[in-house]
Undergrad: 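First, the structure itself, so that you have it in front of you.
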Amino acid sequence: QVQLVESGGGSVQAGGSLRLSCAAARYIASTNCMAWFRQAPGKEREGVAIIFGYGVTDYSDSVKGRFTISQDNANLYLQMNSLKVEDTALYYCAAGVRLGYCSIAPSSYNTWGQGTQVTVSS
């Protein structure tokens, strides 16, 4: 049974924007860490953004200033602006139990969606 469901991926030209959503009502709570990851072909899964507590966020250096993570009671979001070709990847949302400050490492998350593809062309 899939417990996190991503949507909103697609193809866009460099400089464009996309907004990803993840249906995650069961997991959004101050006691959990919620995150977006991505994985490009031939590369390791990379943490992109995390959110936890009452809106604490953190981002990888590669997306800082361009991506914004947010959530409401039912969904996790990733607003992606000024997209670059190197942002092309399969994007996943993930949930994990919070133990202090949330990590951006994939090993800290135990529930994953199936991913949504983002393709940025030049």
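We number each residue from 1, following the sequence as shown.
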Undergrad: Tell me whether the count of non-hydrogen atoms from other residues, nucleotides or ligands lying under 6.0 Å of CG in N73 goes above 12.
TA: no
Undergrad: Can you list the residues that meet the ring pair (Phe, Tyr, Trp, His ring centres under 6.0 Å) rule with Y109, with sequence neighbours excluded?
TA: F37
Undergrad: Report, as yes or no, whether the 6.0 Å neighbourhood of atom CD on E86 holds more than 12 heavy atoms from other residues, nucleotides or ligands.
TA: yes
Undergrad: If I compare all heavy atoms of I28 with all of D72, which pair ends up nearest, and what's the gap?
TA: CD1-O, 3.2 Å
Undergrad: Where is the tightest heavy-atom contact between G47 and S60, given as atom of each residue plus distance?
TA: O-CB, 3.4 Å
Undergrad: Looking at S30 and Y54, what are the two nearest heavy atoms and their distance?
TA: OG-OH, 3.9 Å
Undergrad: Can you tell me if NZ on K64 sees more than 12 non-hydrogen neighbours from other groups inside 6.0 Å?
TA: yes
Undergrad: Which pair of heavy atoms, one from L4 and one from A24, lies closest together, and at what distance?
TA: CD2-CB, 3.4 Å
Undergrad: Quick one: pull up CD in E46 and OH in Y91 and give me the separation to the nearest 0.5 Å.
TA: 7.5 Å
Undergrad: Could you list the residues that satisfy side-chain contact (heavy atoms from CB on, under 4.5 Å) with S21, not counting sequence neighbours?
TA: S7, Y77
Undergrad: Are R38 and Y92 close enough that some pair of their side-chain heavy atoms sits under 4.5 Å apart?
TA: no
Undergrad: Quick one: pull up OG in S17 and CZ in R19 and give me the separation to the nearest 0.5 Å.
TA: 12.0 Å
Undergrad: So do R45 and W112 actually touch side chain to side chain, heavy atoms under 4.5 Å?
TA: yes
Undergrad: Would you compute the distance between atom CD1 of I104 and atom CD1 of I50 and round it to the nearest 0.5 angstrom?
TA: 5.5 Å
Undergrad: The criterion is side-chain contact (heavy atoms from CB on, under 4.5 Å); which residues satisfy it with V120, sequence neighbours excluded?
TA: V12, A14, L83, D87, T88, V118
Undergrad: Measure across A89 and A40 and return the closest heavy-atom pair with its distance rounded to 0.1 Å.
TA: CB-N, 3.9 Å
Undergrad: How many angstroms lie between atom CG of L18 and atom CG of L78, to the nearest 0.5 angstrom?
TA: 9.5 Å
Undergrad: When rounded to the nearest 0.5 angstrom, what distance separates CZ in R66 from NZ in K84?
TA: 4.5 Å
Undergrad: Before giving the answer on side chain to side chain contact (heavy atoms under 4.5 Å, CB included), spell out for F67 and V48 the whole-Å C-alpha distance, their side-chain angles and the decisive distance to 0.1 Å.
TA: CA-CA 9 Å; F67 290 12; V48 173; 3.6 Å; yes
Undergrad: Less than 4.5 Å apart, any side-chain heavy atom of I69 and any of L76?
TA: yes
Undergrad: Would a distance-only check, ignoring hydrogens and angles, find a side-chain to backbone donor-acceptor pair under 3.5 Å from E6 to C93?
TA: yes
Undergrad: Start with the C-alpha gap between D58 and Y101, add the side-chain angles, then the distance that decides, and say whether side chain to side chain contact (heavy atoms under 4.5 Å, CB included) holds.
TA: CA-CA 10 Å; D58 202 357; Y101 195 90; 3.3 Å; yes
Undergrad: Please find the pair of heavy atoms, one from W36 and one from L20, that lie closest to each other, and give the distance.
TA: CH2-CB, 3.7 Å
Undergrad: Drop me the distance from R98's CZ to M34's CE, to the nearest 0.5 angstrom.
TA: 13.5 Å
